[in-house]
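As C-alpha cells, the structure follows; a few thoughts come after it.
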Amino acid sequence: MNSLALLNVAEQGLVMKVGMREQDQRGALRMQVSCKVKIRPMDLGLPFYGECTDLSVTGMTVKTSYVPRPEEEFDIYVMPAQTHALRSEPFSARVRVKRSHQIESCSLFELGLEIIQVHN
C-alpha cells in the first residue's frame with residue numbers, strides 16, 4: 001500500500017461525527033486493518049515487530065512488545081495484505097507516540113501513533 005493509496009482510502013472514509021461516542025470523535029475515520037508492522041527506533045538498534053489494528057490518514061494503532069517513551073518518534077513500515085492486485089511495497093512513515101498502555105491479557109502494548117511524515 002503506497003502513501004497515495006492510503007490517503008485516497010482515508011479521504012474517502014471521512015464522515016460527520018454526529019452520533020459517535022466521545023472517544024471516537026477523531027478528525028479522520030480509522031479503518032480496521034490487520035497488517036504486520038516493523039518498528040525502527042531512531043537509535044537504529046534492532047527492529048521490533050507488531051500488528052497495525054487500525055489506520056487513518058492521521059494515525060494508527062499498533063500492538064507490539066516494544067515499549068516506547070512518551071512522544072517518542074520512530075519509523076514504521078506497514079506491510080500490505082498479500083494480494084496480487086496491489087503492489088507489495090510497505091507504507092512507511094515517521095510517527096510520534098501519543099499513547100501507550102499494556103494490554104491486560106498479555107505482555108503486548110497498544111500504541112496510539114500520530115503520522116508526522118510519510119516517506120516515499
Side-chain angles (χ1 to χ4, degrees):
M1 174 187 309
N2 64 33
S3 58
L4 182 57
L6 172 68
L7 291 173
N8 286 339
V9 169
E11 286 173 355
Q12 292 173 6
L14 292 176
V15 295
M16 293 178 59
K17 300 180 204 174
V18 176
M20 295 177 73
R21 294 187 319 226
E22 185 65 32
Q23 66 267 26
D24 291 336
Q25 292 189 4
R26 296 179 174 131
L29 179 69
R30 296 255 175 148
M31 300 180 328
Q32 299 298 309
V33 296
S34 179
C35 298
K36 295 188 184 306
V37 298
K38 180 167 88 170
I39 296 169
R40 177 64 80 175
M42 299 302 287
D43 63 8
L44 300 178
L46 294 175
F48 291 85
Y49 298 90
E51 178 186 13
C52 178
T53 58
D54 69 44
L55 182 63
S56 80
V57 71
T58 60
M60 65 185 77
T61 301
V62 170
K63 292 181 182 177
T64 180
S65 61
Y66 181 61
V67 183
R69 296 179 314 275
E71 299 293 316
E72 179 180 349
E73 293 182 10
F74 52 82
D75 291 327
I76 194 161
Y77 304 87
V78 180
M79 307 305 169
Q82 296 296 324
T83 65
H84 300 291
L86 296 174
R87 293 178 8 188
S88 60
E89 297 177 23
F91 167 74
S92 103
R94 173 78 39 92
V95 295
R96 178 178 298 127
V97 176
K98 299 313 275 183
R99 66 177 172 79
S100 173
H101 65 273
Q102 186 170 11
I103 300 170
E104 291 179 23
S105 61
C106 60
S107 60
L108 295 178
F109 285 78
E110 185 176 80
L111 312 180
L113 305 173
E114 173 188 21
I115 297 171
I116 56 175
Q117 180 183 7
V118 175
H119 302 302
N120 293 329

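If you read the sequence from its start, that first residue is 1, and numbering goes on from there.
Applying the side chain to side chain donor-acceptor pair (under 3.5 Å) definition to pairs two or more places apart or across chains, those involving residues 101-114 are R96-E114, R99-E110, H101-E110.
Taking SG from C52 and CD1 from I76, the interatomic distance works out to 7.0 Å, rounded to the nearest 0.5 Å. We find the CZ-CE distance between R30 and M60 to be 8.5 Å, quoted to the nearest 0.5 Å. Between atom CG of residue L111 and atom CD of residue E72 there is a gap of 9.5 Å, rounded to the nearest 0.5 Å. Taking CG of D75 as the start and OG of S92 as the end, the distance is 6.5 Å to the nearest 0.5 Å. In this structure, the separation between CD1 on I115 and CD on Q117 is 11.5 Å, given to the nearest 0.5 Å.
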Would you list the atom pairs, donor with acceptor, under 3.5 Å between side chains in residues 32-50 and any protein atom, with sequence neighbours excluded?
| from | atom 1 | to | atom 2 | distance (Å) |
| --- | --- | --- | --- | --- |
| S34 | OG | E51 | OE2 | 2.5 |
| R40 | NH1 | G45 | O | 3.0 |
| D43 | OD1 | G45 | N | 3.0 |

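At a threshold of 4.5 Å between side-chain heavy atoms, the hydrophobic network of Ile, Leu, Val, Met, Phe, Trp and Tyr places F74 and V67 in one connected group.
In this structure F109 satisfies the ring-ring contact (aromatic ring centres under 6.0 Å, His included) test with no other residue, sequence neighbours excluded. When the salt bridge (charged side-chain N to carboxylate O under 4.0 Å, His left out) test is applied to K63, no partner is found at least two apart in sequence or on another chain. Applying the side chain to side chain donor-acceptor pair (under 3.5 Å) rule to Y77 yields no partners; only residues at least two apart in sequence or on another chain are considered.
Residue L108 is found in a hydrophobic cluster whose other members, listed by chain and number, are I103; membership requires side-chain heavy atoms under 4.5 Å apart, directly or through intermediates.
Taking each heavy atom of S100 and P68 in turn, the nearest pair found is OG-CD, 4.0 Å.
V62 has its side chain within reach of L113: a pair of non-hydrogen atoms, C-beta onward, lies under 4.5 Å apart.
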